[in-house]
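Inspection log for the structure reproduced underneath, given as structure tokens.
Atoms within each ligand, like the ligands themselves, are counted from 1 in listed order.
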Amino acid sequence: MSAFDPGKEVPRHIAIIMDGNGRWAAARGLPRRDGHRAGADSVEEVLRSCRELGVKYLTLYAFSSENWKRPESEINALMGLLAHFLREKTPTLMRNNIRLQVIGHIEKLPARNQRQLAESIAMTAKNDGLTLIVALSYGSREEIVDAAKELMKKAKAGELDPDALDVETFGRHLYTAGLPDPDLLIRTSGECRVSNFLLWQISYAEIVITDVFWPDFRRPHLEAAIGEYQRRHRRFGGL
Ligand code: IPE
Ligand code: IPE
Ligand code: MG
């Protein structure tokens with residue numbers, strides 16, 4: 001990895017697949033939920049670092065539509081941590097001018113989480129320092145199907161000409177409407193896959209995979225990933 005250069009441009013939008021909490025815990029003989037709890041500290045540090053470095057959008061993959069397959073006890077632990085995080089950190093979001101948004105099928109979350117999310121989103125809506133987008137019960141294929149459904153309804157109602165459909169219009173029907181695409185996608189724990197995350201939006205993202213488990217991911221790892229990004233030459237299909 002290359003060193004981070006504070007004089008060079010930082011990515012405007014960073015997306016992170018926060019993976020490896022379970023393996024981090026297993027390596028220490030701890031229950032998986034302890035890995036998730038430790039991962040919350042990484043979220044806090046990465047969020048603070050992004051704010052300080054001038055990153056404008058940070059999208060965190062916190063719970064996938066496939067993660068509902070996990071044991072109920074683990075799902076409960078994760079939802080409990082989310083509740084704890086929102087309760088403890090919403091004042092920090094306010095202090096740091098951070099706006100919270102969510103993408104995913106939030107209506108599938110426990111009512112308490114939904115309520116808290118709605119409150120934190122409303123409270124932080126006018127902040128404009130950094131936008132934190134949390135992907136919860138999120139699946140990119142579902143997102144694309146949802147967009148297709150919306151578009152088909154509009155076509156059926158005569159509000160959209162199918163032949164006029166283009167990439168921009170389609171993008172405006174995704175959960176991420178209005179947000180720029182990620183410039184840098186980071187996945188921790190060494191897995192080389194995207195696991196149904198932002199399939200449309202990462203078309204031209206630079207991908208950095210690190211072996212570090214998410215609970216160990218700290219500012220130096222973030223800076224190393226940004227350093228790697230700064231060294232890349234993005235061509236977008238051109239020369
Ligand atoms: C990422 O860590 C957190 C979630 C997917 C919710 P994992 O729980 O997937 O940890 P590993 O991959 O089993 O180590
Ligand atoms: C991706 O991690 C989802 C999140 C980080 C929330 P997973 O651990 O669920 O992905 P797979 O199962 O390794 O592909
Ligand atoms: Mg995993």
Check your understanding: What part of F63, side chain, backbone, both or neither, has a heavy atom within less than 4.0 angstrom of ligand 2?
Key -> backbone
Check your understanding: Is it the side chain (CB and beyond), the backbone, both or neither of A62 that lies under 4.0 Å from ligand 2, heavy atoms counted?
Key -> backbone
For [atom], the protein heavy atom that lies nearest, with its residue and separation:
{"atom": "atom 9 (O) of ligand 2", "value": "N67 ND2, 2.9 Å"}
{"atom": "atom 14 (O) of ligand 2", "value": "S195 OG, 2.6 Å"}
{"atom": "atom 10 (O) of ligand 1", "value": "G22 N, 2.9 Å"}

Point to revise | Shortest heavy-atom approach to atom 13 (O) of ligand 1 - which of R32, M18, E66, R23 | key: R32
Point to revise | From N21, L81, D19 - option closest to atom 3 (C) of ligand 1 by heavy atom | key: N21
Review point. Should L179 and Y61 be regarded as members of a common hydrophobic cluster, given that ILVMFWY residues are connected when their side-chain heavy atoms come within less than 4.5 Å of each other, either directly or indirectly?
Key: yes
Review point. Can W214 be reached from V55 by stepping across I, L, V, M, F, W or Y side chains whose heavy atoms are under 4.5 Å apart?
Key: yes
Review point. Regarding H221 and D216, is there a side-chain donor-to-acceptor distance under 3.5 Å anywhere?
Key: no
Exercise for review: Decide whether S73 and N76 meet the rule of one side-chain donor and one side-chain acceptor closer than 3.5 Å.
Suggested key: no
Revision key, fill the gap. Here the pair of heavy atoms bringing A205 nearest to P182 is CB-O, 3.5 Å
Check your understanding: Do you know the tightest heavy-atom contact between L184 and P11?
Key -> CD2-CG, 3.9 Å
Review point. Where on R70 is there a heavy atom closer than 4.0 Å to ligand 1, on the side chain, on the backbone, on both, or on neither?
Key: side chain
Practice item. May I ask you to identify, for S189, whether its side chain, its backbone, both or neither come under 4.0 Å of ligand 1 on a heavy-atom basis? Key: neither
Review point. Does any N/O atom on S64 come nearer than 3.5 Å to any N/O atom on ligand 2?
Key: no
Study note, to complete from the structure: Under 4.0 Å from one or more heavy atoms of R193, ligand 2 contributes atoms 11 (P), 13 (O), 14 (O)
Check your understanding: Any idea which atoms of ligand 1 are less than 4.0 Å away from a heavy-atom of H36?
Key -> 3 (C), 8 (O)
Revision key, fill the gap. Restricting D19 to its N/O/S atoms, the closest one to the Mg ion (ligand 3) is OD1
Point to revise | Min heavy-atom dist K69 to ligand 2 below 4.0 Å | key: no
Does [X] come within less than 4.0 Å of [Y], counting only side-chain N to carboxylate O?
{"X": "D183", "Y": "R234", "value": "yes"}
{"X": "R219", "Y": "E223", "value": "yes"}
{"X": "E228", "Y": "R232", "value": "yes"}

Review point. Hey, what's the ring geometry for W200 with F170, parallel, tilted or perpendicular (30° and 60° as the breaks)?
Key: parallel
Review point. Does ligand 1 have an atom under 4.0 Å from some heavy atom of E191?
Key: no
Point to revise | Residue E191, metal the Mg ion (ligand 3), N/O/S under 2.8 Å | key: no
